[in-house]
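Below you'll find the structure, written out as structure tokens, and then a few comments.
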Amino acid sequence: MKQKWTLEDTKLLFNKPFFDLIFEAQKKHREYFNPNKIQISTLLSIKTGACPEDCKYCPQSARYKTGLKKEPLLELKQILKSAKHAKNSGSTRFCMGAAWKNPNDRDMPYLEKIIKAVKKMGMETCMTLGTINNIQAKKLSNAGLDYYNHNLDTSAKFYKNIITTRTYEERLKTLKVVRDAGMKVCSGGIIGLGEKIQDRMELLMQLSNLPVQPESVPINMLVKIPGTPMENNLDVEPFDFIRVIAATRIMLPKSYIRLSAGRKEMNDQTQAMCFMAGANSIFYGCKLLTSNNPKEESDLKLFQKLNLFPEYKKQNLTEENNFNLNATKINKEKYYNAGI
Ligand code: SAM
Ligand code: DTB
Ligand code: SF4
């Protein structure tokens, strides 16, 4: 039976000496995953900006002057072009985000059409569209949506300081709706919002103690966007961030942990320690939703240095090899010799 994490257990975990924590996380990671493989997802913003919500970190909220150009729902042709590029670069999952409080029922048939078309290309699909109801969730699931992303972001207590236009309970309800409709759950949070260490613990307890743990857990480091209320937040100490990754691995041992936003601001060593602590997924491609992500080529160089290989479901070596052929001219011989 899965362990129910209490605050007391979680505090003990977070307060472990750093190397003991990393060692424990590594052991858990190796129980369930190949530590030299990484899952690769690519993001696309299919509807950008003018969001009615007031999330204080977000460049897409209509309340903050971030200079972001708003865009209506993208055309299918454009979405499929991006999905094709993602697939050719070696990504196995295509995640589409919309700056909505919730999808409008009139957009549902189009969303279903997008899902079917991306699935047909042979990629896993993920969407993040805000709050959804039972009927919408069932429609997305029936169209073939594999994952729904909906982050809790932080602890229930601290949440009110970050977002006032919706509640933590609504967020939890959407996670239940997604699960009940048969989709995989992707839910995580952000570090660097000004939260206390205990808020980080409580976020992980919330995620870990869900009736079924999320299959995918994105851990974002705040990207400080000029014009948002969080633009001058203090930097997160990298070792504190790595500690969160390690605790996530221990508390959600079978989940994919995605080292999400903020990688561009991290050096190679910090990212490597995150992978060592149990992160085994990234967003790949030079853009997240609206902000920058490391260039494909620099990620490939990092993978090469760490002998990390993209994960393909059927361990398809041909696809693994293709991963780099399409994307870059790095020293492939050295790369393949190192890992296969
Ligand atoms: N509008 C939908 C929602 O909020 O559920 C989906 C898109 S929203 C941009 C997806 C997630 O991106 C947020 O829940 C948040 O965790 C993350 N995010 C947004 N802005 C960020 C930032 N500046 N730094 C780090 N993560 C961010
Ligand atoms: C998640 O947890 N992080 C991604 C994805 N899920 C949708 C989004 C990060 C957004 C960073 C700010 C931006 O690019 O707009
Ligand atoms: Fe809107 Fe999502 Fe950004 Fe919040 S995080 S402002 S809901 S796009």
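Both counts, for ligands and for their atoms, begin at 1 and track the order of listing. The residues of the chain are indexed from 1 along the displayed sequence.
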**Q.** Where ligand 1 meets N151 - atom numbers and elements under 4.0 angstrom, heavy-atom basis
**A.** 11 (C), 13 (C), 14 (O), 15 (C), 16 (O)
Q) When you measure from atom 6 (C) of ligand 1 to every protein heavy atom, which one gives the shortest distance, and what is it? A) T128 OG1, 3.0 Å
(Q) Students should be able to answer this: which protein heavy-atom is nearest to atom 13 (C) of ligand 1, and at what distance? (A) Y57 OH, 3.7 Å
Q: Determine whether the side chains of D105 and Q136 contain a donor N or O and an acceptor N or O closer than 3.5 Å.
A: yes
Q: For L289, take its heavy atoms, then give the atoms of ligand 1 lying under 4.0 Å from any of them.
A: 9 (C)
Q. How close do S255 and N280 get, heavy atom to heavy atom, and via which atoms?
A. O-OD1, 4.3 Å
Q: Measure the acute angle between the ring planes of Y168 and Y159, then classify it against the limits of 30° and 60° as parallel, tilted or perpendicular.
A: perpendicular
Q. Quick one: do the E311 and Y256 side chains pair a donor with an acceptor below 3.5 Å?
A. yes
Q: Run the contact test for G130 against ligand 1 with a 4.0 Å cut-off on heavy atoms, strictly below, and give the result.
A: yes
Q) Would you find more than 12 non-hydrogen atoms of other residues, nucleotides or ligands less than 6.0 Å from E71 atom CD? A) yes
Q. Short list, please: which atoms of ligand 3 are under 4.0 Å from a heavy atom of A99?
A. 8 (S)
Q. Relative to ligand 2, is N220 under 4.0 angstrom through side chain, backbone, both or neither, heavy atoms considered?
A. side chain
Q. Tell me: protein heavy atom nearest atom 24 (N) of ligand 1, and distance?
A. V223 N, 3.0 Å
Q.
Checking side-chain polar atoms at under 3.5 Å, does E124 have a donor or acceptor matched by the opposite partner on T92?
A. no
Q. Which part of V223 is near ligand 2, with near meaning a heavy atom under 4.0 Å away: side chain, backbone, both or neither?
A. neither
Q) Is atom 6 (S) of ligand 3 close to the protein, meaning a heavy atom under 4.0 Å from it? A) yes
Q.
Just so I know, are the side chains of D9 and M205 near enough to count as touching, which here means a heavy-atom distance under 4.5 Å?
A. no
**Q.** Any G97 heavy atom less than 4.0 Å from ligand 2
**A.** no
(Q) Under 6.0 Å between ring centres: does that hold for F309 and F303? (A) no
Q) For ligand 2, which atoms sit closer than 4.0 Å to a heavy atom of L288? A) 14 (O)
Q.
If only side-chain N and O atoms count, and only distance matters, is there a donor-acceptor pair under 3.5 Å linking Q206 with S208?
A. no
Q: Just jot down the ligand 2 atoms closer than 4.0 angstrom to any heavy atom of T290, in number order.
A: 13 (C), 14 (O), 15 (O)
Q | Contact flag C51/atom 3 (Fe) of ligand 3, N/O/S atoms, threshold under 2.8 Å | A | no
Q | ligand 3 contacted by K101 (non-hydrogen, < 4.0 Å) | A | no
Q) For atom 27 (C) of ligand 1, what is the nearest protein heavy atom, given as residue, atom name and distance? A) I190 CD1, 3.8 Å
**Q.** Proximity to ligand 1 by part of C51, non-hydrogen separation under 4.0 Å
**A.** neither
Q. Cation over ring, R243 on F14, under 6.0 Å and within 45°?
A. no
**Q.** Nearest neighbour in protein (non-hydrogen) for atom 10 (C) of ligand 2
**A.** L289 CD1, 4.2 Å
Q) What are the atoms of ligand 1, with element, lying closer than 4.0 Å to any heavy atom of D153? A) 14 (O), 15 (C), 16 (O)
Q: Could you tell me whether K101 atom NZ has more than 12 heavy atoms of other residues or ligands within 6.0 Å of it?
A: yes
Q. Does S291, backbone or side chain, put an N or O under 3.5 Å from an N or O of ligand 2?
A. yes
Q | Pair D54-T164, side-chain donor/acceptor within less than 3.5 Å | A | yes
(Q) For K47, which part has a heavy atom under 4.0 Å from ligand 3: side chain, backbone, both, or neither? (A) neither
Q) Would Y57 and D153 count as having a side-chain donor-acceptor pair, cut-off 3.5 Å? A) yes
Q.
Tell me whether the rings of F33 and H29 are parallel (<30°), tilted (30 to 60°) or perpendicular (>60°).
A. perpendicular
Q. Does some non-hydrogen atom of F283 fall short of 4.0 Å from ligand 2?
A. yes
**Q.** Heavy-atom nearest option to atom 5 (O) of ligand 1, drawn from R171, K224, E53
**A.** R171
Q: Pull out every atom of ligand 2 sitting under 4.0 Å from any heavy atom of P59, numbered as shown with elements.
A: 15 (O)
Q. Atom 3 (Fe) of ligand 3: which protein heavy atom is closest, and how many Å away?
A. C58 SG, 2.3 Å
**Q.** Where ligand 2 meets P218 - atom numbers and elements under 4.0 angstrom, heavy-atom basis
**A.** 2 (O)
**Q.** Side-chain H-bond candidate by donor/acceptor type, S155 with D199, under 3.5 Å
**A.** yes
Q: Spell out, as yes or no, whether a donor-acceptor pair under 3.5 Å connects the side chain of N151 to the backbone of G188.
A: yes
Q: Run the numbers for me: atoms of ligand 3, each under 4.0 Å from some heavy atom of C55, listed by number.
A: 4 (Fe), 5 (S), 6 (S), 7 (S)
**Q.** Residue-ligand contact N151/ligand 2, heavy atom below 4.0 Å
**A.** yes
Q: Identify which one of V178, I135, T125, I115 satisfies the side chain to side chain contact (heavy atoms under 4.5 Å, CB included) criterion when paired with L140.
A: I115
Q: With heavy atoms of A98 as the reference, note each atom of ligand 1 found under 4.0 Å away.
A: 1 (N), 2 (C), 6 (C)
